[in-house]
Engineer: 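Let me begin by handing over the structure; questions about it come next.
The sequence lines fix the lettering, A, B, ..., with proteins before strands; numbering per chain opens at 1. Bear in mind the structure is a predicted one, so any value in this text is a computation, not a measurement.
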There are 2 protein chains.
Amino acid sequence: MPVRVLLVDDEPLVRAGLRAVLEAQPDIEVVGEAADGAAVIPLVRQVRPDVVAMDVRMPLLDGIEATRALLRTVADPPKILVVTTFENDEYVYEALRAGADGFLLKRARPAEIVHAVRLIAEGESLLFPASVRRLAAEYGDGGGNRAARAELERARLTEREGEVLRLMARGLSNAEIAARLVVGTETVKSHVSAVLAKLGARDRTQAVITAYESGFVAPG
Amino acid sequence: MPVRVLLVDDEPLVRAGLRAVLEAQPDIEVVGEAADGAAVIPLVRQVRPDVVAMDVRMPLLDGIEATRALLRTVADPPKILVVTTFENDEYVYEALRAGADGFLLKRARPAEIVHAVRLIAEGESLLFPASVRRLAAEYGDGGGNRAARAELERARLTEREGEVLRLMARGLSNAEIAARLVVGTETVKSHVSAVLAKLGARDRTQAVITAYESGFVAPG
DNA sequence: GATCGTCTCCCCCGTGCGGGGGAGGCCCGC
DNA sequence: GCGGGCCTCCCCCGCACGGGGGAGACGATC
């Protein structure tokens with residue numbers, strides 16, 4: 001059963017782009033589009049999406065208000081992924097406070113977008129470490145942005161988990177990782193499980209794919 | 001047991017580069033260096049490497065002659081990976097005809113170098129599809145280069161295997177791939193096994209890593 | 001002092017994976 | 001016609017993997 005996504009953005013171009021990116025995936029299906037927040041609620045009732053990709057800045061009803069309305073009025077509401085053009089958009093944090101499950105920059109790479117949708121669909125209210133890290137880096141250290149930082153904290157792999165993922169991405173087995181880190185295989189299995197859970201991956205292969213797609217490890 | 005590699009190149013810089021790249025891998029060990037072909041044979045007898053990374057153009061004894069001499073005089077000779085700066089180097093094909101097991105451009109990416117060493121060590125006399133393909137593309141279609149083309153043929157995945165690898169690289173399980181391609185899971189297993197063998201991968205994770213590292217699939 | 005997160009290790013358990021075989025049908029080229 | 005490559009499917013088998021629990025030790029934080 002594919003992930004059913006509803007696109008909400010006032011720009012047709014953005015909707016088309018998201019549709020192209022998402023429909024290229026075997027496990028994701030775009031079930032509808034809306035051009036403003038006011039159209040969202042009836043549409044959600046009609047098509048029952050798993051995830052709503054929601055722009056923040058829209059005419060009539062913006063993403064924040066639409067999110068609030070959605071969570072207030074719809075039974076068993078879909079997950080909400082807030083999409084924005086501006087990284088330092090205060091509205092994004094408003095939306096997260098309103099109950100959105102994650103946020104994403106429009107200029108994120110396709111794989112990041114896809115990944116975010118999958119994670120959100122699985123009930124993970126997290127953003128991928130790399131994108132958040134980059135986001136955090138853009139803000140610098142001085143800024144406020146406690147929301148972004150908190151998100152980072154929630155999403156981030158621990159140091160050990162990061163080490164394990166890096167070794168997984170070099171093709172090592174659990175036993176080899178254990179030997180490398182001088183710990184037991186059971187310990188490695190624990191870390192691997194944690195990595196899989198945090199990344200929303202089903203197995204180590206998917207985790208390694210995510211590592212590559214996110215830039216956590218780079219080819220070459 | 002790591003792969004034991006002997007580096008043979010007249011330029012210290014190249015040796016240092018190869019050493020850095022190869023020793024960064026957990027399963028590869030550089031056991032010696034030689035600056036010219038004449039020093040290779042005694043050194044091979046002494047350190048018994050699994051793989052010799054051999055430059056073609058060297059003073060005293062070039063890579064071709066050194067390869068011939070090595071295969072003629074040493075019992076149980078190591079695998080020979082010919083390394084060259086120039087893609088259209090006629091000497092390379094000479095070396096392959098002399099018995100070398102594969103060839104590699106010096107400007108190949110680290111991952112490709114590492115991969116080539118691993119493959120060669122495992123007795124695969126093949127080069128990775130992507131690098132050979134790129135090589136072939138550089139030559140254009142008009143040129144001769146039967147050697148490169150033959151290498152390409154030997155290394156290349158079949159159409160079906162390529163499809164399977166692409167789906168593996170999207171995180172699909174054998175059962176999911178089977179459903180996608182409308183064949184039995186046993187068929188998929190056959191293709192997966194073929195892919196693993198041709199890529200010198202131990203499991204699907206390593207195959208996916210190779211797919212990314214080689215550019216067979218691209219992130220984003 | 002209590003709590004929390006991290007790292008470490010342990011148990012059981014099912015199963016997907018990969019190796020090792022083989023085999024039939026198809027098309028192409030020699 | 002006959003071989004060879006490719007695609008398809010089948011068998012058996014061992015094991016690494018991953019899920020589900022739990023638990024002790026340590027440090028930081030409250």
Side-chain angles (χ1 to χ4, degrees), chain A residues 122-124 126 129 146 149-211, chain B residues 27 118 122-124 126 129 146 149-211:
Chain A
E122 286 169 15
E124 300 285 346
L126 52 85
R146 279 148 285 119
R149 204 134 321 175
E151 201 66 42
L152 182 63
E153 280 311 308
R154 259 196 291 163
R156 185 150 104 225
L157 301 177
T158 68
E159 197 179 330
R160 206 53 159 170
E161 288 160 359
E163 282 184 87
V164 169
L165 178 55
R166 252 179 287 272
L167 293 175
M168 288 165 70
R170 281 166 67 179
L172 275 65
S173 67
N174 288 342
E176 287 167 341
I177 294 172
R180 201 106 211 292
L181 299 181
V182 200
V183 296
T185 56
E186 296 298 330
T187 301
V188 174
K189 286 178 64 176
S190 293
H191 293 313
V192 169
S193 291
V195 169
L196 297 186
K198 289 188 180 180
L199 264 50
R202 185 177 51 195
D203 51 45
R204 68 200 300 107
T205 302
Q206 287 190 350
V208 169
I209 291 169
T210 301
Chain B
D27 57 337
R118 287 204 188 104
E122 285 169 15
E124 301 284 346
L126 54 83
R146 278 150 285 119
R149 204 134 321 176
E151 200 65 44
L152 181 65
E153 280 311 309
R154 260 196 291 162
R156 185 150 103 226
L157 302 176
T158 67
E159 196 178 329
R160 207 53 160 170
E161 287 160 1
E163 283 184 87
V164 169
L165 178 55
R166 252 180 286 274
L167 293 174
M168 286 165 70
R170 280 165 71 176
L172 275 65
S173 67
N174 287 341
E176 287 167 341
I177 294 172
R180 202 107 209 289
L181 299 180
V182 200
V183 296
T185 56
E186 295 298 329
T187 301
V188 173
K189 286 178 65 176
S190 293
H191 292 314
V192 169
S193 291
V195 169
L196 298 186
K198 288 188 181 179
L199 266 50
R202 187 177 52 195
D203 51 45
R204 68 200 301 107
T205 303
Q206 288 191 350
V208 169
I209 291 169
T210 300

Engineer: Would you work out how much the helix from C:dG1-D:dC30 to C:dG24-D:dC7 bends between its ends, with each end axis defined by five base pairs, to 10 degrees?
Structural biologist: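 Between the first-five-pair axis and the last-five-pair axis there is 50°.
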Engineer: Return the minimal non-hydrogen interatomic distance between B:Leu181 and B:Glu163, and the atom names on each side.
Structural biologist: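 Answer, listing the atom of B:Leu181 first, then B:Glu163: CD2-OE1, 3.7 Å.
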Engineer: Roughly how far apart are A:Lys189 NZ and A:Ile177 CD1, rounded to 0.5 Å?
Structural biologist: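 That separation rounds to 12.5 Å.
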Engineer: Please report the interatomic distance CZ(B:Arg170) to OG1(A:Thr205), rounded to the nearest 0.5 Å.
Structural biologist: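 With rounding to 0.5 Å, CZ (B:Arg170) is 15.0 Å from OG1 (A:Thr205).
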Engineer: Donor-acceptor check, side chain of B:Arg180 to backbone of B:Val164, threshold 3.5 angstrom: yes or no?
Structural biologist: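 Looks like no, no N/O pair under 3.5 Å.
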Engineer: Over all heavy atoms of both residues, which pair between A:Asn174 and A:Arg204 is shortest? Give the atoms and the distance, please.
Structural biologist: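 Distance-wise, the nearest heavy atoms are OD1-NH1, 3.0 Å.
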Engineer: Going from CG on A:Leu165 to OG1 on A:Thr210, what distance comes out if it is rounded to the nearest 0.5 angstrom?
Structural biologist: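 Going from CG on A:Leu165 over to OG1 on A:Thr210, the span is 8.5 Å.
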Engineer: Drop me the distance from A:Glu176's CD to B:Asp27's CG, to the nearest 0.5 angstrom.
Structural biologist: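 Result: 7.5 Å between the selected atoms.
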Engineer: Rounded to the nearest Å, what distance is computed from the CD atom of residue B:Glu163 to the C1' atom of nucleotide D:dC6?
Structural biologist: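 In whole Å, D:dC6 C1' and B:Glu163 CD are 13 Å from each other.
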Engineer: Mind checking the OG1-NE2 spacing from A:Thr158 to A:His191? Nearest 0.5 Å is all I need.
Structural biologist: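 Answer rounded to 0.5 Å: 6.5 Å.
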Engineer: Mark up nucleotides 17-30 of chain C, 5' to 3', with B wherever a protein heavy atom is under 4.0 angstrom from a base atom, S wherever such an atom reaches only the sugar-phosphate, and - elsewhere.
Structural biologist: SBB-----------
Engineer: Which atoms form the tightest heavy-atom contact between B:Gly171 and A:Gln206, and what is the distance?
Structural biologist: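 In terms of heavy atoms, the two residues are closest at O-NE2, 2.9 Å.
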Engineer: How does each nucleotide of nucleotides 24-30 of chain D score, in 5' to 3' order, for protein heavy atoms under 4.0 Å: base (B), sugar-phosphate only (S), or none (-)?
Structural biologist: -------
Engineer: Under 4.0 Å between a side-chain N/O of B:Thr158 and OP1 or OP2 of D:dC7, yes or no?
Structural biologist: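 So the side-chain polar atoms of B:Thr158 do come within 4.0 Å of the phosphate oxygens OP1 or OP2 of D:dC7, strictly under.
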Engineer: Can you measure from CZ (B:Arg202) to CG (B:Leu196) and round to the nearest 0.5 angstrom?
Structural biologist: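 If we round to the nearest 0.5 Å, B:Arg202:CZ and B:Leu196:CG are 11.0 Å apart.
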Engineer: CD of B:Glu161 versus P of D:dG5: gap in Å, rounded?
Structural biologist: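 In whole Å, D:dG5 P lies 13 Å from B:Glu161 CD.
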Engineer: Would you say a side-chain N or O of A:His191 is under 4.0 Å from OP1 or OP2 of C:dT8?
Structural biologist: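 Yes, within the criterion.
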